[in-house]
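All chains are named by letter (A, B, ...) in the order of the sequence lines, taking the proteins before the strands, and each is independently numbered beginning at 1.
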There are 4 protein chains.
Amino acid sequence: MVERIVTAGRQVLVEHGYERTTTNRVADAAGISPGSLYQYFPNKEAVLAAVVDAYSAEIADQLAAVVTDRLDLPPLELMRASYDDLLDILLANREYVRLMTRELPHARVAPHVDQLERRVSDLVGTYLSAARPTDRVSPSTSAWILVRMVEHLCVQYVLDDPPFSRQTLVDELVRLSAGHLA
Amino acid sequence: MVERIVTAGRQVLVEHGYERTTTNRVADAAGISPGSLYQYFPNKEAVLAAVVDAYSAEIADQLAAVVTDRLDLPPLELMRASYDDLLDILLANREYVRLMTRELPHARVAPHVDQLERRVSDLVGTYLSAARPTDRVSPSTSAWILVRMVEHLCVQYVLDDPPFSRQTLVDELVRLSAGHLA
Amino acid sequence: MVERIVTAGRQVLVEHGYERTTTNRVADAAGISPGSLYQYFPNKEAVLAAVVDAYSAEIADQLAAVVTDRLDLPPLELMRASYDDLLDILLANREYVRLMTRELPHARVAPHVDQLERRVSDLVGTYLSAARPTDRVSPSTSAWILVRMVEHLCVQYVLDDPPFSRQTLVDELVRLSAGHLA
Amino acid sequence: MVERIVTAGRQVLVEHGYERTTTNRVADAAGISPGSLYQYFPNKEAVLAAVVDAYSAEIADQLAAVVTDRLDLPPLELMRASYDDLLDILLANREYVRLMTRELPHARVAPHVDQLERRVSDLVGTYLSAARPTDRVSPSTSAWILVRMVEHLCVQYVLDDPPFSRQTLVDELVRLSAGHLA
DNA sequence: TATGAATGAGTTTTCATTCAT
DNA sequence: GATGAATGAAAACTCATTCAT
């Protein structure tokens, strides 16, 4: 039932937008009464948090795995494969990407995005520390830059659908990353 | 008077946040009655749009000028100087950056950001067309990538204050851009 | 089971106050489901009535006995002993006194208080009819005045704890009563 | 308008009872919209407080004057006249007496009643200190007992309309008081 | 033109009560 | 009988908008 409500919440969010997401509408979409909703969630806030949480649980692991699963590859291969998969995942979950970056207030999403970025940045930072001797910038700085750059360009690509191919984006991301690390 | 209302709107937005920005509060901050507000704006929507417009008018020209004023420079110098100035502008207008990217709903900001991005992208695209013969990617693709990359990393840097210097960011942005164009 | 519910109701009333006494909370305190509560009581009203009834059953007899058991004593002794016991009983049941006079709506308590007052007044009236020839006022008027006076002052003393001794109150009540009857 | 709302609140309280007094009903009775009510009062609580305050302002001074205006009389005359007037006032404001002692939750009324009782008790205590040398009980104890006794019996008389005359009650109150002070 | 009191639909939330299991 | 999830009407309160002055 919690799941039903969360699904309904997600749906209302997608269909009506954040500002038109009311507890009554969510209850309606879940096919329950407003009172029932409050047997599973203490307030509206908690319903929205659950929707965001569910998204994170569903997608964040996939996103982290994009890097995690390839930490044994050499940088270039890791990057190409990761960016490729990343785009796959985001393209397959366009609606959620839109929800997180376009629909929900930043404050509600920030904790999850921050956590994911930190998680991936840590991975990348560690990877770089091992793969590369010291350099112009610290591994954590590199990670900060690369993670945000790749993330943002992929998200933008997925949502704004610019007039160049998916392959082009991956190629250019790899090139940018390689240039940065060279 | 329109200006007074817009200023008040901006102030309320900054001090109270989007969700606590009511027409009454804006009227109050403008020292007028709610009824008067509706003689200058048809509805709340329009007030917020005007606030965003005013922001764009105030900052967007500066931002565009960052590139415009240097179209005669060679790429590397143009980039370094532009990124430097861009960071200056954003750092000097942190509050507005926060408003546009963290406080206001994306839908309200998107038209302006898109317009600015298109404007700068066009400039950059044209510049690249002239500066560089054909290449891996079209000038407009390059522009799309570079503009979004630089913009996003600078905005993030300004708002999240990561533990590396402003100079480092500029250096790395130049390096990334140069690598992309090479 | 009815008893369990009534006990729970009393407990919730004491701990949470009348306005925060919900049927769900009572059921919870009774360790049963809200549905079960409705197998023993038709509605919330009835539960509260039962709580008040139980209180009356528990205390009212003691209170009536204060007089009943002493109808063979001469007036002054009867009064002194009765008031003394009355105070004992009320002091020993302060929580219930508070419930009846401060927590519950008057309408819910009135029937029981009225009944008790009538019962005691009748006793006292009868006693006075026998003990005393005719006088300034009828026995029932005397009873009305004395019962309410003593009851109210004792209740107030118990709940408000004024800065004089219990003994003083008893002395003064006896004196007042004696003065009235003289 | 505040007055209109307070009047409406009082009326709803009288006609529908405390538990059926809702902000919407009060607004309705005042002939205004629920929103308007909230331009004059921050919440329901405040409306009810204002109703009680208005009552106090209207009646409490009269009640206190009952004693204040006669502090130069000898005790017996003071008492007789005061009790007489007190009954007049309470009989003339039966509806308000009912509201304060029967309808509203004790917690809402207590501050006002306590204040009034303290005010009158202080007066009486001071009067007794002057009129009478030391005695069985302190003036403040006498005041505590007399004020509560008289108040309660008068209130009960007014609300319950027992089968004896108003004059009888006054006579007996005087007698009781005199007996206490003798 | 400016006002600001008035509006009332819409929001979140509660809770006495029901009923399928 | 017992359950407890589900109900839904009703409550307090908000706020964009209007309109008589």
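- Distance alone, capped at 3.5 Å, places no donor-acceptor pair between the B:N93 side chain and the B:Y96 backbone.
- Map D:P42 and B:N24 each onto its nearest nucleotide of DNA chain F; the residue landing nearer the 5' end is D:P42.
- Atoms CG (B:D28) and C1' (F:dT17) sit 16 Å apart, rounded to a whole Å.
- The side chain of B:T23 contributes no N or O atom lying less than 4.0 Å from OP1 or OP2 of F:dC15.
- Of the two residues near DNA chain E, A:R25 and C:T21, the one whose nearest nucleotide lies more 5' is A:R25.
- Within the 4.0 Å cut-off from OP1 or OP2 of F:dC15, not a single side-chain nitrogen or oxygen of B:T22 is found.
- Side chain of B:E103 to backbone of B:G17: no donor-acceptor contact under 3.5 angstrom is found.
- Between C:M1 and B:N43, the one whose closest nucleotide on DNA chain F sits nearer the 5' end is C:M1.
- In DNA chain F, the stems built from three or more successive Watson-Crick or G-U pairs (distances below 3.5 Å) are E:2-21 with F:2-21.
- When the P atom of F:dG1 is taken as reference, atom CD1 of C:I5 falls 11 Å away, rounded to whole Å.
- In terms of heavy atoms, D:R4 sits closest to D:I32 at NH2-CG2, 3.4 Å.
- When rounded to the nearest whole Å, the span between CD1 of C:I32 and P of F:dT3 equals 7 Å.
- B:R102 has a carboxylate O that lies under 4.0 Å from a charged side-chain N of B:D160, or vice versa, which qualifies the two as a salt bridge.
- A:R94 places a side-chain N or O within donor-acceptor distance of the main-chain N or O of A:V158, the cut-off being under 3.5 Å.
- The shortest side-chain heavy-atom distance between D:L99 and D:Y55 does not fall under the 4.5 Å cut-off.
- In plain terms, the two heavy atoms of A:V6 and A:A50 that are nearest each other are CG2-CB, 3.8 Å.
- Between D:E58 and D:R10, at least one side-chain N (NZ, or NE/NH1/NH2) sits under 4.0 Å from a carboxylate O, which counts as a salt bridge.
- The nearest heavy atom of DNA chain E to A:E19 and to C:E45 marks one nucleotide each, and the one closer to the 5' end goes with A:E19.
- In this structure, NZ of B:K44 is placed 8 Å from C1' of F:dC15, rounded to the nearest angstrom.
- Under 4.0 Å is where a charged nitrogen must lie from a carboxylate oxygen, and between A:R20 and A:E15 no such pair does.
- Atoms CZ (D:R20) and C1' (F:dA12) sit 17 Å apart, rounded to a whole Å.
- Proximity of residues 33-41 of chain C to DNA chain F (heavy atom under 4.0 angstrom from any strand atom) is restricted to C:S33, C:P34, C:G35, C:S36, C:Q39, C:Y40.
- With rounding to whole Å, C:H16 atom NE2 is found 15 Å from E:dC15 atom C1'.
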